[in-house]
Trainee: 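Okay, here's the structure, questions in a sec.
Order of appearance sets the numbers: ligands from 1, and atoms from 1 within every ligand. Positions are given from 1, in the same order as the sequence printed here. From a predicted model like this one, the values you see are computed outputs, not experimental measurements. Because only heavy atoms are used, hydrogens play no part in the values below, and waters and symmetry mates are left out as well, while side chains stay in.
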Amino acid sequence: MADYSTSLCSGADSPPSLTTFPAREADNDEVLTVDVAGFTKGHNFCTGILNLKKVKIEFTRSNTAKTLAVLLANPPAQLSEGVSFRRAPTGDRESIISLYIYTIYMAALLRRGLSSSTVSRTLLCNGVPSRQFSSSTGAVKFDFTDLTRPHTWYPIARRKKRNVILHVGPTNSGKTYHALKKLELSSSGIYCGPLRLLAWEVAKRLNKAKVPCDLITGQEKEVVEGAKHKAVTVEMADVTSDYDCAVIDEIQMLGCRTRGFSFTRALLGIPANDLHLCGDSAAVPLIQEILSVTGDNVQVQYYERLSPLVPLKTPLGSFSNIRTGDCIVTFSRHKIYKLKRKIEDDGKHLCSVVYGSLPPETRTRQATMFNDESSEFDVLVASDAIGMGLNLNISRIIFSEMEKFDGFEMRPLSVPEIKQIAGRAGRYGSKFPVGEVTCLDPKDLPLIHSSINCPSPILESAGLFPTFDLLYMYSRSHLNIGLCQILEQFVENAKLSANYFIANCEEMLKVAAVLDELPISLHDKYLFCLSPADMSDEILSQGLTQFAHTYAKKRIVRLREIFTPGTLKVPKTQTELKELESIHKVLELYVWLSFRLEDSFPDRDLASSQKSICGMLIEEFLERLGVQKPMPKKY
Ligand SMILES: Nc1ncnc2c1ncn2[C@@H]1O[C@H](COP(=O)(O)OP(=O)(O)OP(=O)(O)O)[C@@H](O)[C@H]1O
């Protein structure tokens, strides 16, 4: 059975980061002259002068024979995490990436205390940096799989003594409200949330409060003139700019198997004076432990729920007991539509639906219809996609089942999941200030009661994942293996401290297996692997494969080659609906790629407009589904 629940990964949009080397600041300004001729096979660099914080590295003796118009359409002036170029280097993409990596690598060596001449000698000897280096003080090993000190990857944040304020408590306790107030009052700031819906909501809220705020997610970039604030999805968290204030929402997600590493990166890397973390108290000991080595000042503020949440003593009983404001929770799209039909068959209610694979805009509109008292859609049937990001006026949550397929296996809901979903009932200041929770099956009642009354289990560890530069350096010393094998070996050999686990990369491996067949650079493969592609969705997997093949062959991917605009129709069956949802995801993937490989995916506007049409057609299907039967008067 497929999982159509939130899948916390939906909408994941990681940018490739180029820096992860353990760093120690150089004591003095140093100038290092390096001969880079022969550094990367077949590529030469033009002379470039690089600024590495206090360390300057000067590249000389370049053979400019083939050098190179512009390598990246928009070469970043700021490399990331403290490394910047005085002027943008030029060359082809592979060269420039190599140069970046090389530069960071050298900065890392210098910061680790190797003298510049040692580094220089090493490079002249080897051309390509190898795993082991010797210095006058003895052998120095550089193990790229050593991830034991991730706090040192973010020198800009480490230069600050941040005030970290943990806002913790149950759902609906005002944690985010208080953190956002601080953000609103700050001179510059960033909000990082797990979902696009949350980033949208915060951007809207700040702009409305006359605090200009950009919106940046994997799939969109809305820049507001004069903005010093940003609302972003956590994968887009900026760890290179100073902020007065930053907020990371749902921080307990740093324990998520697949996306936790992006929360860890934001936690360790955002250089803000004040860093507000909102989430479950289960994350407090781990965060305190992780931040014990950063020099930050950490305080914890505990919150109580603003409105009561009452687990009921009896199950729902008959479906005729469904009433306005109810939300039935189930975990597959098939069951969602079955329950919707069953409730609507009684003729008393119409149901909005919310589940993870609906386009986010559609989810928002379904939620709005449900909240709107004048609408006839007064009951919600939803997956755990309601757990975050949507404002919902739910009076009672009714669990129809207590286990879900999580992409890997069928498993019981965890205590935090039950609490997160149940906590959606009874919103402070809403029409239903007291929330109730129950279920369909009487045998599930004890689990609901015990979960709501017990604290979430303490989080043991946070996610980490090697960024491109580490994988790249690893690949230089393991030639002739593809990204798939690099990932597998890296994950197997990674060294971690007890506070961290290595992220699950099953999905990435599936993508890498497709890409390893193709003549594209490691960097581009890595990029494709980070895209929001769910390879278990057949249409999406085909879309990704086709994009990658065309990109490898022609370097330019026109949307019309795989998709004919004007052919989208309102679905008539659930199978057609599912197909349309998948097409929406393919179009989202195109947009995602267009933000990263702009020249090669030039049809972003077309993809965006087709995406909106998909959303409208899906909504039309949902509306038609709801009005198939004449409605008796509401009561
Ligand atoms: N002091 C307050 N004044 C007015 N409204 C408030 C206040 N505190 C919270 N709220 C409102 O109560 C609702 C719940 O608050 P909030 O979203 O901050 O809770 P939370 O603890 O972050 O919940 P969750 O974990 O579910 O995100 C929001 O609609 C928020 O605007």
Trainee: With a distance cut-off below 6.0 Å to the six-membered ring centre and an angular limit of 45° from the axis, does Arg596 pair with Trp592 as a cation-pi contact?
Mentor: yes
Trainee: For side chain to side chain contact (heavy atoms under 4.5 Å, CB included), just list the numbers for Tyr191 and Leu206, CA-CA rounded to whole Å, side-chain angles, deciding distance to a tenth of an Å, and then say yes or no.
Mentor: CA-CA 10 Å; Tyr191 166 88; Leu206 290 192; over 6 Å; no
Trainee: Using 30° and 60° as the class limits, which term best fits the ring planes of Tyr355 and Tyr337: parallel, tilted or perpendicular?
Mentor: perpendicular
Trainee: Does the side chain of Lys230 come under 3.5 Å of the side chain of Tyr243 through a donor N or O and an acceptor N or O?
Mentor: yes
Trainee: Check ligand 1 for N or O atoms under 3.5 Å from a protein N or O and list each pair with its distance.
Mentor:
residue, atom, partner, partner atom, Å
ligand 1, 3 (N), Tyr177, OH, 3.3
ligand 1, 18 (O), Thr176, N, 3.3
ligand 1, 18 (O), Tyr177, N, 2.8
ligand 1, 19 (O), Gly174, N, 3.1
ligand 1, 21 (O), Ser173, N, 2.9
ligand 1, 21 (O), Ser173, OG, 3.1
ligand 1, 21 (O), Gly174, N, 3.1
ligand 1, 21 (O), Lys175, N, 3.2
ligand 1, 21 (O), Lys175, NZ, 2.8
ligand 1, 22 (O), Thr176, N, 3.0
ligand 1, 22 (O), Thr176, OG1, 2.4
ligand 1, 23 (O), Asn172, N, 2.9
ligand 1, 25 (O), Lys175, NZ, 2.9
ligand 1, 26 (O), Asn172, N, 3.4
ligand 1, 26 (O), Arg424, NH2, 2.5
ligand 1, 29 (O), Arg427, NH2, 3.3

Trainee: So for atom NZ, which belongs to Lys338, do other residues, nucleotides or ligands contribute more than 12 heavy atoms lying within a distance under 6.0 Å?
Mentor: no
Trainee: Determine whether more than 12 heavy atoms belonging to other residues, nucleotides or ligands lie under 6.0 Å from atom CD of Glu304.
Mentor: no
